[in-house]
Participant: 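The structure's right below; bear with me while I get my questions together.
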Amino acid sequence: HIRCDPSFAFFSKNFRLLHKNRDKYARREVDPEKLLAMSKAEKIRRRKNQNCAAAKRSRLKKLEMCWALCQSIQNLYGD
């Protein structure tokens, strides 16, 4: 089995945490009438939250690809 260095352990913990909370970052549909009724400050806050969630979804997707690569290397050389 390949030795798990501290950076891999940190990566693993980070991945599990993001993956566990993935529903929190899912896209949400908003009623167009509700958007029209929002004030400028609410729209700015909503956009900021959307950008933050999009960044986390993107990060999770990249971590999933890296995790799959790490797992395949573990399977190839491990056991």
Side-chain angles (χ1 to χ4, degrees):
H1 205 97
I2 296 175
R3 192 179 145 279
C4 184
D5 67 356
S7 60
F8 185 78
F10 175 76
F11 172 78
S12 173
K13 178 184 169 190
N14 219 358
F15 173 74
R16 278 186 266 127
L17 182 66
L18 269 176
H19 200 269
K20 185 175 78 171
N21 296 326
R22 75 180 312 151
D23 293 336
K24 199 186 285 186
Y25 314 122
R27 292 180 187 218
R28 292 182 176 81
E29 294 298 321
V30 176
D31 185 22
E33 292 175 7
K34 188 176 180 181
L35 283 175
L36 291 173
M38 284 184 178
S39 69
K40 187 170 180 121
E42 288 174 323
K43 287 180 183 179
I44 291 171
R45 192 175 329 111
R46 179 178 177 273
R47 174 58 62 191
K48 188 174 181 179
N49 288 339
Q50 278 184 326
N51 288 343
C52 183
K56 287 184 180 180
R57 283 193 305 271
S58 175
R59 184 165 182 238
L60 178 61
K61 188 173 184 176
K62 290 172 188 170
L63 281 173
E64 284 174 341
M65 290 189 304
C66 291
W67 185 253
L69 176 64
C70 291
Q71 288 298 312
S72 63
I73 291 171
Q74 286 276 351
N75 292 339
L76 186 65
Y77 293 109
D79 277 351

Participant: Output all residues satisfying side chain to side chain contact (heavy atoms under 4.5 Å, CB included) with K34, sequence neighbours left out; order by chain, then residue number.
Facilitator: V30, D31
Participant: Honestly curious: do L69 and L76 fall in one hydrophobic cluster under the side-chain, below-4.5 Å linking rule?
Facilitator: yes
Participant: Could you grab the distance from atom NZ of K43 to atom CD of Q50, nearest 0.5 Å is fine?
Facilitator: 12.0 Å
Participant: Mind checking the CD-CZ spacing from E42 to R46? Nearest 0.5 Å is all I need.
Facilitator: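 These two atoms lie 11.0 Å from each other.
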Participant: Would you compute the distance between atom CG of N51 and atom NZ of K56 and round it to the nearest 0.5 angstrom?
Facilitator: 12.5 Å
Participant: Does some side-chain heavy atom of C66 sit less than 4.5 Å from a side-chain heavy atom of K62?
Facilitator: no
